[in-house]
Every structure is written in structure tokens, then in C-alpha cells.
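Quick notes on the structure that follows.
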Amino acid sequence: MLKKFLAVMMAAAMLLTVVPFSFAAGNDVDYTIKSPYEGVDFSAYNRYKADLHSHTTFSDGGNSLPEMVERHYELGFDIHAISDHGTVSYGYTTQRHNEPMLVFSLVDNGKYVGDVLSANGVAANGNQYAVFNKGTDEFYSQTLPSGETGQEMMRVPYANEQNPTSFNNAHVNSWFVDYGHGVVGGTSNYLSPISKIDELGGLSVINHPGEYTNARDEESTADAYNLEDSTYKYKINKFINLLNTYKSCIGIDINSKGDSRTRYDRKLWDILLQKILPLGERNVFAIATSDAHNLDIVDSGYTVMLMPELTSDNLKSSLANGQFFAASKYLGNYDEQVKYKASLEEIGTADALELAGILGNAINANDKFNATDYPDASEPVISNISVDEAEDTITLTTENTLVTHWIADGKVIHVGNTIDLDDYSDEIGKYVRAESLGKGGIIYTQAFVLDYDGAPVAEKEGFFFDWGTIASAICDIPVKILVGILKTPIRVIFDIFA
């Protein structure tokens with residue numbers, strides 16, 4: 001009798017331990033996962049390394065066009081954009097100054113430097129090179145000492161960093177349409193270039209927003225982009241308004257050059273995703289670039305394009321649809337370093353602990369993590385993404401990475417290559433995104449947009465007035481008048497030095 005009683009009691013106890021889990025299972029959410037990579041065939045598509053933003057002596061760069069092209073080629077880039085300030089990229093062999101940017105070049109270099117490539121020639125490393133067209137696309141390649149032809153690097157057509165004389169670095173990169181050559185001004189005025197590029201059928205992106213917002217000057221992530229601060233609130237609303245209006249502006253730059261000025265711009269990206277995604281009209285994509293003004297910083301940031309073959313049409317489609325990853329050799333955000341260090345220490349492998357120690361040194365020195373200090377370390381790779389809506393999971397297959405963080409609403413909610421969304425139903429809003437860190441750098445996915453019952457809804461939009469139109473009138477009109485007066489003398493100087 002006692003045995004039966006004990007058996008009943010044990011069965012009841014076991015039932016009680018199961019009940020909470022049964023209720024937990026009932027909290028499963030039916031997620032619809034909108035992946036920007038849905039159309040990517042990872043078994044057939046190629047990964048193309050792209051620098052979408054670099055400079056030469058045709059504006060304020062310190063190196064000539066041939067030097068910048070050769071450096072990108074040596075570092076294995078497949079896609080290269082020369083986006084000089086206010087200067088459209090017309091070709092490796094046919095690039096030309098415009099009058100206002102000639103002055104910048106003369107001031108920066110003390111001489112006229114307008115070197116371009118020939119159709120065929122000898123690179124600084126002694127290799128023969130060729131500039132050639134495939135269809136309407138222009139390519140650069142070198143003949144290797146073995147006699148074999150190296151990789152082909154495609155030039156991005158019509159690249160240009162708009163707003164060349166902006167006093168507060170309100171810069172916009174654009175590609176694929178011929179606009180902005182010699183157009184000056186741009187102080188606080190994102191609207192003019194973005195709307196014009198949209199009208200002409202091109203694509204654009206907001207460059208290094210931390211410079212315009214002055215978030216780069218903050219000492220902590222908490223202070224940067226603080227929505228309680230009226231100035232930040234205005235500038236964030238300005239970006240929201242632009243991105244909601246012009247879908248051809250694909251998003252923002254989140255990690256460029258050495259990440260000093262962009263170290264808080266991942267926070268801005270998360271804010272924009274939280275504000276814009278509930279509207280249901282668009283995603284907000286993130287790129288990374290070198291913004292190289294000299295050869296030393298080339299390869300600091302880059303974008304990995306997922307495309308079936310290397311053409312500018314495929315590049316445009318990949319950018320427009322978010323079928324790419326942002327990547328960088330630098331990580332300058334203190335709080336992100338601390339979180340990664342903790343995750344690596346918990347993983348506990350020798351490689352993980354080594355990288356945790358490297359991050360610890362950067363944290364103690366209040367410095368950035370710099371993967372270029374470890375030239376033998378391979379760049380991080382995301383080789384596959386698998387979305388299982390039945391199980392509500394997203395899985396990354398990565399190479400050369402040690403830890404993956406999943407972010408929702410600006411917070412790290414999961415560590416590991418596979419996330420089960422049902423485990424975080426109380427922490428997830430409208431999206432999740434992933435970033436993977438290795439000794440060779442960091443790589444970022446675009447956001448996976450989530451639809452489900454109870455998902456965040458759009459906030460009611462109030463009236464927004466862009467004070468940039470007034471700032472532009474005050475700052476840019478005098479600049480345009482001055483350039484108009486000096487245009488003829490500048491042309492004379494141009495002809496003399498040319």
C-alpha cells in the first residue's frame with residue numbers, strides 16, 4: 001500500500017514539473033520571417049568583395065587614381081567604387097576634375113594630380129594591367145608573373161560622394177546614375193541628392209551618420225542617439241523621414257574607416273529598424289566601407305555582395321534587395337567589445353580565449369579592436385543562411401568566426417549560430433539581426449523582419465520640418481555664389497596645371 005501511495009505521489013510530482021513546460025510551449029509564436037537573403041542560392045551565388053566608397057586626388061584623397069585602383073586590386077577586391085566628393089566616376093581611363101574639386105586637390109596636394117589609367121600599362125608592382133569593358137561594365141585586371149590573368153575587378157559606374165562642401169559632413173554616396181559632378185553645397189541637405197538620385201533611378205546611402213549627428217564625439221553608447229535629447233531626436237526623425245520617403249536610399253553606413261566615427265552607428269541602425277519596420281514598407285540596410293583617402297586605410301571596411309555573376313546590374317539588384325553583408329576589420333565600440341569578451345570567455349576554447357584577451361587589451365586601453373594587427377587571420381565569412389519557419393529558427397553557417405551575437409531592438413538576446421525565436425518571444429520586436437566576430441574582423445547580416453500576432457505597430461507620424469533647408473540656404477548659397485564667381489579663374493588654373 002505504501003509503495004502504491006509513493007508511486008502516485010511521484011507521478012503527481014512528475015506531472016507538476018511537466019505542466020509549466022506545457023504552458024511554455026503554448027507561448028510559441030507563429031513567426032513569418034522575411035529574410036533579405038531568401039532569393040540567394042548560396043550553393044551557386046558568388047561572394048564578391050566590394051569597397052563602395054574611396055577617394056583619390058580628384059577630390060581630397062592623398063593618392064592618385066592608379067594608386068587607389070592598384071591597392072584595391074592587390075587586396076583582392078572584386079568591386080571598386082571611386083566616389084570622390086562632388087565628382088562622378090566616369091571611368092578609370094577617362095576621369096576628370098571639376099573646377100571646385102580642383103581647388104581641393106591643389107590645396108591638399110600642392111600640385112595638380114590628375115593621373116588616370118591607360119587601356120594597357122604597367123602597374124607599380126611591375127605587372128602588366130588592362131582596363132577593358134564587358135558590355136557596359138568596366139573592369140581592371142593584371143597579368144601575374146606566372147603569365148596567368150588575375151581576378152577581374154569591376155568599377156562601380158557613376159559613383160559620387162554628394163554634398164562636397166557640406167560644413168557638417170551630411171554626405172551621401174550614390175551609384176549608377178550620372179548626377180552631382182561639380183554640384184556644390186550640401187550642408188544639412190540630404191534631401192536634394194537623395195531625391196534626385198531616386199528620380200533618376202539610382203541608389204544612395206547615408207554615409208557615416210555619426211559625423212553629421214556628432215554622435216562620434218560622445219564618450220558612451222548610452223549618450224549617443226539618446227532619444228531624450230532634442231537634437232538627436234530631430235536628426236533621427238530626419239533620417240526616418242528620408243528613408244520612409246525614398247526607398248532608393250538603401251540605408252546607412254554602420255562601420256567605416258577605423259570605426260571611430262561610426263562606433264555608435266549600429267545603435268542608430270537599430271533605432272531606425274525599430275521605427276521604420278513596423279510601417280511595413282521597407283527594410284533598412286547597412287553597409288561598411290573604407291572611405292579611403294589614403295592607401296593605408298583601404299580594406300578597413302567592405303561589403304560582401306551575393307550575386308550570380310559580376311555585373312553592375314547584379315550589383316544594383318543586390319544592394320536594392322539587401323543581399324549582402326557589411327564587414328569590417330575594426331570594432332571601436334566599448335560596450336560591444338565588453339559583450340563579445342564575455343561571450344568568448346564563456347565559450348572557453350583556446351582560440352576564443354585568445355580573442356577575449358585581445359579585446360581585453362583594447363578595453364583596458366580604451367582603444368579599438370584592430371584585426372589588421374593580425375594579417376594571418378582570415379576574414380569572417382557567412383557561407384549559408386537557413387530559415388526554418390516551421391521551427392522558427394535562423395541558422396548561419398560561418399567560417400573564420402568564433403562567436404555570433406543576435407540582436408533585437410538593440411540588445412544582444414542570443415549567442416550562437418542558430419537562434420530559436422520562440423525562446424525569445426518576450427524580447428523580440430520587429431526584427432533580429434546577427435553579427436559574427438573572429439580574429440580577422442566582424443561581419444553583419446541585414447535584419448530579418450518578423451511578422452506575427454502582437455508585433456510592434458507603427459507609431460503615429462507627426463509633422464516633421466527639415467531645418468536643413470534653412471541651413472542649406474544660409475551656408476550653401478554663399479558657396480555657390482563664390483564658386484560661380486571663381487569658375488572662370490579656376491578653369492584657367494585647371495588648364496595651366498593640366
Restricting to salt bridge (Lys or Arg N to Asp or Glu O under 4.0 Å), what partner residues turn up for Glu74, sequence neighbours left out? Arg71
The ring pair (Phe, Tyr, Trp, His ring centres under 6.0 Å) partners of Tyr444 (sequence neighbours excluded) come to none
Apply side chain to side chain contact (heavy atoms under 4.5 Å, CB included) to Ile443 and Glu435, showing your working. CA-CA 6 Å; Ile443 189 165; Glu435 48 189 56; over 6 Å; no
Sequence neighbours excluded, every pair satisfying side chain to side chain donor-acceptor pair (under 3.5 Å) that has a member inside residues 267-276: Asp270-Tyr431, Asp270-Arg433, Lys275-Glu459
Just by distance, with hydrogens left out, do Thr262 and Arg216 show a side-chain donor and acceptor under 3.5 Å apart? no
Output for pair (Asn226 CG, Tyr264 OH), nearest 0.5 Å, gives 12.5 Å
Check salt bridge (Lys or Arg N to Asp or Glu O under 4.0 Å) between Lys411 and all other residues, then give those that pass, not counting sequence neighbours. none
Looking only at heavy atoms, which two atoms of Ser343 and Val415 are closest? And how far apart? OG-CG2, 3.6 Å
Spacing of Leu344 atom CG and Gln337 atom CD [to the nearest 0.5 Å]: 11.5 Å
Strictly by modelled atom types, are Thr221 and Asp335 linked by a side-chain donor-acceptor pair under 3.5 Å? yes
Hey, can you tell me if His55 and His85 have their rings parallel, tilted or perpendicular (30° and 60° cut-offs)? parallel
Name all residues meeting the side chain to side chain contact (heavy atoms under 4.5 Å, CB included) criterion together with Asp451; count only those two or more places apart in sequence or in a different chain, and write none if there are none. Thr32, Lys34, Lys430
Donor-acceptor side-chain pairing of Thr398 and Asn417 below 3.5 angstrom: yes
Ser317-Asn321 side chain donor-acceptor pair, cut-off 3.5 Å: yes
Please collect all salt bridge (Lys or Arg N to Asp or Glu O under 4.0 Å) contacts where either partner lies in residues 351-360, sequence neighbours excluded, each pair once. Glu354-Lys439
Answer yes if the side chains of Glu199 and Tyr246 hold a donor-acceptor pair under 3.5 Å, and no otherwise. no
Any salt bridge between Lys247 and Glu281, counting N to O under 4.0 Å? yes
Residue pair Tyr73, His80: steps toward the ring-ring contact (aromatic ring centres under 6.0 Å, His included) verdict: CA-CA 9 Å; Tyr73 188 83; His80 177 216; over 10 Å; no
Do Ser220 and Asp223 pair up side chain to side chain, a donor and an acceptor below 3.5 Å, judged on atom types alone? yes
Whether the Asp291 and Ser256 side chains hold a donor-acceptor pair (N or O, under 3.5 Å, no angle test) is what I'd like checked. no
Could you note down all residue pairs passing salt bridge (Lys or Arg N to Asp or Glu O under 4.0 Å) where residues 167-194 supplies at least one of them, sequence neighbours left out? none
Side-chain donor-acceptor contact under 3.5 Å, Glu218 with Tyr232: yes
Do any side-chain atoms of residues 361-368 form donor-acceptor pairs under 3.5 angstrom with protein atoms, and if so which ones, sequence neighbours left out?
| residue | atom | partner | partner atom | Å |
| --- | --- | --- | --- | --- |
| Asn361 | ND2 | Gly357 | O | 3.4 |
| Asn364 | ND2 | Gly360 | O | 3.2 |
| Lys368 | NZ | Gly258 | O | 3.0 |
| Lys368 | NZ | Ser260 | OG | 2.7 |

Phe176 and Tyr158: CA distance, side-chain angles, deciding distance, ring-ring contact (aromatic ring centres under 6.0 Å, His included) verdict: CA-CA 5 Å; Phe176 308 114; Tyr158 301 120; 9.0 Å; no
With a 4.0 Å cut-off, would you call Glu379 and Lys49 a salt bridge? yes
Leu268 CG to Ile271 CD1 distance, which is reported to the nearest 0.5 Å: 6.0 Å
Do the side chains of Gln162 and Asn173 get nearer than 4.5 Å, heavy atoms only? no
With under 30° as parallel and over 60° as perpendicular, where do the rings of Phe58 and His97 fit, or are they tilted in between? tilted
Between CG of Asn189 and OG of Ser192, what distance do you get to the nearest 0.5 Å? 3.5 Å
Going by distance alone, is a donor N or O of one side chain under 3.5 Å from an acceptor N or O of the other, for Thr404 and Ser436? yes
Checking side-chain polar atoms at under 3.5 Å, does Asn168 have a donor or acceptor matched by the opposite partner on Ser188? yes
With a 3.5 Å distance limit and no angle check, can you tell me whether Arg47 reaches the backbone of Phe42 through a side-chain donor-acceptor pair? no
Asp259 vs Arg266, salt bridge (charged side-chain N to carboxylate O under 4.0 Å, His left out): CA-CA, chis, key distance, verdict: CA-CA 11 Å; Asp259 194 37; Arg266 274 84 72 187; 2.7 Å; yes
Examine the side chains of Thr311 and Asp313 and answer whether a donor and an acceptor come within less than 3.5 Å of each other. no
Could you list all the ring pair (Phe, Tyr, Trp, His ring centres under 6.0 Å) pairs where at least one residue sits in residues 183-207, not counting sequence neighbours? Tyr190-Tyr212, Tyr190-Phe239
Non-neighbouring partners of Asn46 that pass side chain to side chain contact (heavy atoms under 4.5 Å, CB included), sequence neighbours left out: Tyr48
Sorted by chain and residue number, the side chain to side chain contact (heavy atoms under 4.5 Å, CB included) partners of Thr165 (sequence neighbours excluded) come out as Phe104, Val184, Val479
Quick check on side-chain contact (heavy atoms from CB on, under 4.5 Å): which of Val205, Ile197, Asn160 does Trp175 satisfy it with? Val205
To the nearest 0.5 Å, how far apart are NE2 in His405 and CD1 in Ile442? 9.0 Å
State, without any angle test, whether Asp198 and Ser195 hold a side-chain donor-acceptor pair at a distance under 3.5 Å. no
Quick one: does any side-chain atom of Glu389 pair with a main-chain N or O of Ile33 as donor and acceptor, under 3.5 Å? yes
Heavy-atom closest pair (Asp265 atom, His208 atom, distance to 0.1 Å) is OD2-C, 4.0 Å
Any donor-acceptor N or O pair under 3.5 Å, side chains Asp388, Thr393: no
Under 3.5 Å side-chain donor-acceptor pair for His53 and Glu161: yes
Between Ser54 and Asp51, does any side-chain donor sit less than 3.5 Å from a side-chain acceptor? no
Between Ser174 and Ser204, do the side chains contain an N or O donor and an N or O acceptor separated by less than 3.5 Å? no
About how many Å separate CG of Leu450 and CG of Leu277, when rounded to the nearest 0.5 Å? 9.0 Å
Residues in side chain to side chain contact (heavy atoms under 4.5 Å, CB included) with Ser300, at least two apart? Ser290, Ile297, Tyr330
Output, in order, the C-alpha distance, side-chain angles, deciding distance and verdict of side chain to side chain contact (heavy atoms under 4.5 Å, CB included) for Asp28 and Asp392. CA-CA 9 Å; Asp28 284 356; Asp392 291 333; 5.5 Å; no
Flag for Asn207-Asp253: side-chain donor and acceptor within less than 3.5 Å: no
